[in-house]
There are 2 protein chains.
Amino acid sequence: MSNTLPPLSAIRAFEAASRHLSFTKAGEELGMTQAAVSYQIRLLEDRLGFQLFTRKTRRIELTEHGAELASKVVDSFTSLRQAFEDLTDKNAGQLVVSSNTTFAVNWLSNRLVHFQMQNPDIAVRILPYGPDAHPRFDSSDVVVSACKAPPKDWIAHEVVKATFTPMLSPVLAETIGGIKQPEDLLKLPLVDPQDPWWDIWFAAAGIPDVDLSSYPNSRMGSQALEANRAIAGQGVAILTPYFCKNAIETGQLIQPFELTCRVEAESWFLSYPPINRTSRKVRLFRDWVAGELKRDGMP
Amino acid sequence: MSNTLPPLSAIRAFEAASRHLSFTKAGEELGMTQAAVSYQIRLLEDRLGFQLFTRKTRRIELTEHGAELASKVVDSFTSLRQAFEDLTDKNAGQLVVSSNTTFAVNWLSNRLVHFQMQNPDIAVRILPYGPDAHPRFDSSDVVVSACKAPPKDWIAHEVVKATFTPMLSPVLAETIGGIKQPEDLLKLPLVDPQDPWWDIWFAAAGIPDVDLSSYPNSRMGSQALEANRAIAGQGVAILTPYFCKNAIETGQLIQPFELTCRVEAESWFLSYPPINRTSRKVRLFRDWVAGELKRDGMP
DNA sequence: TGACATGCATAAGTCTTCCTTATGCATACT
DNA sequence: AGTATGCATAAGGAAGACTTATGCATGTCA
């Protein structure tokens, strides 16, 4: 198959002209003048070496060859338009959020209903990714990731600062007569003792160089799971208080100390590439997240 | 369906890039640089509002959306290419000759075999048209018409001058003891007495204002038919000698007088639009016709 | 392990091509 | 007859496509 299609602008003009059987109307559809269409058609005819239209007075007719070509070209363009339309439709109506599991489970999951009720025309698809996976930067419209900085050039909004403090179930605390001092925590099992946050917190609490190497390693990697184990009384977890608000209010978890730490600049960021700045669905989602945070009294 | 396709050049670049999964290769195929492809893809991505390719190092991958779009776009372009290829193939291999019946029957029909033997790759299609019809200027590659001048701007070769003289079968001539003088013809029935050529010929023969109105009107309109009736002895026909050569040589017809007439400038012309000047099949046909004429001793 | 090759991104400048404007022509309509 | 409509054509202009040149990242090979 000789790969050399005639100039596409000429084909496009022909496609429209063959549908309208009028250069003038085709021009209108394509947003150009009659003369331009005429020029393009002639170009195509010269290129092919035969007439596509018969010029009657004030009227054009497809020639035999022209008619044959027209039907195929119109078909091709129809499916081409369909392809783009499908894509933009689907794309406009579907918001893909790549979020790490923690945020997805602790924050998004139980609020998303509100967003969907406010925006019934947008189907939200959450792609959660675990601690060892990477966000799907490419296939997502929006990414929520916990990191020090989102990809370069991306637009980023800080959602929640990654603070942390130990949490445990009141029942577990009672087993050792309550938690009075940080040291008390070491009497209990830790959920994911390998979490680097422990070192930082204990250091801040005045217990540097705590050795957690003897603790069994359960490596949960996601606050959602860690919180569940903590609630079940299986150990002490080190969690972000904001995400535990509900569990604390309902008495499932207690936060024994006010002291919270954070790794400098580490936060959850909602981010998206600049190209999405003007995207309706992205704007709506971003504003909705901001609103929710404000209601929670977040800065 | 929103009719606004993205720029076609961008779509074309995407189509090629998606097949090669390489901007460089796509550029080669399209005869442009890698930079140009990169530019067009970016254009398309900006327009659509999302990425089509993921840029890995020294490699690109289609995103989810990109892959979906690619399959459809490639399909569309494939059928588009196919459409043009079909057309040019068919067009290159098929020569459509619109010829008036006289020339088609008297000249083309029995010689065409030779042309087809010389050019087995070209399928000749003759569209004959009767005396009251018009040549199919549009749907033909070549037109053979009897007229004073072919369409303006067309390239025309005079094939046969439209000369004429009475012809009849020797049997019919014998019924009145042979044809000695032009007047003798009036003793016999005329095939198509309404043919204007009669007036002209009789006038040239020294018998002006001959009144043929009483003759039965059979209005054949095509020399082929008129010749047949003359051969059958049904009357005298006024024909072009060149087309009767064979019938005369075989004794089916006689030409009683040397006198031939013609209407000024009226001829059979082989003509075609300038666009076909370089067409192989048209060139071959034109040259073949010229060769045949030369063999017949025509100028 | 450093030198080189490969492939994409980007900026600046050029040049082509496409399009508009303006006009003419033929013809249909009133 | 006069006007409106539709296509053709020429000339000029503007948008955008493409090239050149360069940078960057990384894989490869001596």
Side-chain angles (χ1 to χ4, degrees), chain A residues 4-47 50-63 66 70 137-138 151-154 273-275, chain B residues 4-48 50-63 66 70 134 137-138 151-154 273-275:
Chain A
T4 50
L5 277 176
L8 288 170
S9 41
I11 303 181
R12 178 181 45 192
F14 171 68
E15 194 263 348
S18 75
R19 277 187 285 106
H20 292 293
L21 286 178
S22 156
F23 291 176
T24 308
K25 298 248 182 64
E28 280 165 21
E29 174 183 318
L30 298 173
M32 58 200 218
T33 60
Q34 162 271 128
V37 177
S38 175
Y39 167 84
Q40 292 291 349
I41 300 290
R42 155 168 295 272
L43 212 68
L44 189 56
E45 288 177 330
D46 286 358
R47 165 69 162 268
F50 48 86
Q51 301 270 116
L52 293 167
F53 290 102
T54 310
R55 276 69 164 180
K56 310 276 178 174
T57 56
R58 301 190 47 180
R59 191 166 64 90
I60 53 174
E61 270 177 19
L62 282 162
T63 63
F137 285 112
D138 299 316
K152 198 163 145 294
D153 295 333
W154 280 37
I275 210 177
Chain B
T4 49
L5 278 174
L8 288 170
S9 42
I11 302 181
R12 178 181 46 193
F14 171 67
E15 194 264 347
S18 75
R19 276 186 287 108
H20 292 293
L21 285 180
S22 156
F23 292 175
T24 308
K25 298 246 181 64
E28 279 164 22
E29 173 183 318
L30 298 175
M32 57 201 218
T33 59
Q34 163 272 129
V37 177
S38 176
Y39 166 83
Q40 292 290 349
I41 301 291
R42 155 170 297 273
L43 212 66
L44 189 56
E45 289 177 330
D46 286 357
R47 165 70 162 267
L48 292 175
F50 48 86
Q51 301 270 116
L52 292 167
F53 289 101
T54 310
R55 275 71 165 179
K56 311 274 179 176
T57 58
R58 301 188 49 180
R59 190 166 62 89
I60 53 174
E61 270 178 17
L62 282 162
T63 63
H134 285 294
F137 286 112
D138 300 316
K152 197 162 146 295
D153 294 333
W154 279 38
I275 210 176

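These numbers come from the heavy atoms of this one structure, side chains and all, not from hydrogens, waters or symmetry mates. Computed from a prediction, not measured in an experiment: that's the story for all the values here. Just so we're on the same page: letters track the sequence lines, and every chain starts at 1.
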Compare the minimum distances between each of C:dC18, C:dA5, D:dC7 and the side chain of B:Arg58, then state the nucleotide with the smallest one. C:dA5

Just how far, in rounded Å, is P of C:dC8 from CD of B:Gln51? 15 Å

I want to check one thing: is the phosphate of C:dG7, taken as OP1 and OP2, less than 4.0 Å away from some side-chain N or O of B:Arg55? no

What's the closest nucleotide to the side chain of B:Pro7 if the choices are C:dT27, D:dA17, C:dT10? D:dA17

Rounding to a whole Å, what distance do you find between B:Leu44:CG and D:dA17:C1'? 15 Å

Nearest-nucleotide wise, let me know which of B:Leu43 and B:Ala35 is further upstream toward the 5' end of DNA chain D. B:Leu43

Atom-to-atom span, CD of B:Glu28 to C1' of D:dC18 - whole angstrom: 16 Å

Side chain of A:Met32 only, please: which of C:dT27, D:dT9, C:dT20 is the nearest? C:dT20

Which of these nucleotides, D:dT9, D:dT19, C:dC8, is closest to any side-chain atom of B:Ile60? C:dC8

B:Arg47 and B:Leu5: which non-hydrogen atoms are nearest, and at how many Å? NH2-O, 3.4 Å

Taking the side chain as everything from C-beta on, heavy atoms only, tell me whether B:Leu43 gets closer than 4.5 Å to B:Phe14. no

Minimal heavy-atom distance between A:Ile11 and A:Pro6, with the atoms involved, is CD1-O, 3.6 Å

Please give the angle, rounded to 10 degrees, between the axes at the start and the end of the helix from C:dT1-D:dA30 to C:dT30-D:dA1, where five pairs define each axis. 30°

Spacing of CD1 belonging to A:Ile60 relative to OG1 belonging to A:Thr54, to within rounding of 0.5 Å: 9.5 Å

Considering only D:dC7, C:dC18, D:dC18, which nucleotide approaches the side chain of A:Tyr39 most closely? C:dC18

Choosing from D:dC7, D:dA17, C:dC18, which nucleotide comes nearest the side chain of B:Gln40? D:dA17

Can you see if the side chain of B:Ser38 gets near the phosphate of C:dA9 - specifically, an N or O under 4.0 Å from OP1 or OP2? yes

Indicate the atoms forming the closest heavy-atom contact of B:Val37 with B:Ala17, along with that distance. CG1-CB, 4.4 Å

Here the distance between atom P of D:dC18 and atom CZ of B:Arg42, to the nearest Å, is 16 Å

Rounded to the nearest angstrom, tell me the gap between atom CD1 in A:Ile41 and atom P in D:dG6. 17 Å

Please state how far atom CG in A:Leu52 lies from atom P in D:dC7, giving the value in whole angstrom units. 15 Å

Can a side chain N or O of A:Arg12 be found less than 4.0 Å away from OP1 or OP2 on C:dC19? yes

Nearest-neighbour nucleotide for the A:Gln34 side chain, C:dT21, D:dC18, D:dA8 considered: D:dA8

Checking all strands, does A:Gly27 fall into the base, sugar-phosphate, or nothing category for heavy-atom contacts under 4.0 angstrom? nothing

Which one, D:dA21, C:dC8, C:dT20, comes nearest to the side chain of A:Ala36? C:dT20

With heavy atoms under 4.0 Å as the rule, sort A:Ser9 into base, sugar-phosphate or nothing. sugar-phosphate

Does B:Thr24 put a side-chain nitrogen or oxygen below 4.0 Å from OP1 or OP2 of C:dC8? yes

Which distance, rounded to the nearest 0.5 Å, do you find between the CG of A:Leu44 and the CG of A:Leu8? 10.5 Å

Report the distance from atom CG of A:Leu30 to atom OG1 of A:Thr33, rounding to the nearest 0.5 Å. 10.5 Å

Choosing from C:dA9, D:dC18, C:dT10, which nucleotide comes nearest the side chain of B:Phe23? C:dA9

Check this for me, if you would: do A:Lys25 and A:Glu29 make a salt bridge, where the nitrogen-to-carboxylate-oxygen distance has to be below 4.0 angstrom? no

For D:dC18 and B:Thr33 - does any side-chain N or O of the residue sit under 4.0 Å from the phosphate oxygens OP1/OP2? no

How would you label the contact of B:Thr57 with the nucleic acid (heavy atoms, under 4.0 Å): base, sugar-phosphate, or nothing? sugar-phosphate

To the nearest angstrom, how far is A:Leu30 atom CG from D:dA15 atom P? 19 Å

Output for pair (A:Gln51 CD, A:Ile41 CD1), nearest 0.5 Å, gives 11.0 Å

Just how far, in rounded Å, is C1' of C:dT6 from NZ of B:Lys56? 18 Å

Whether B:Arg59 contacts C:dC8 is assessed here as follows: a side-chain N or O lying under 4.0 Å from the phosphate OP1 or OP2. Is that the case? no

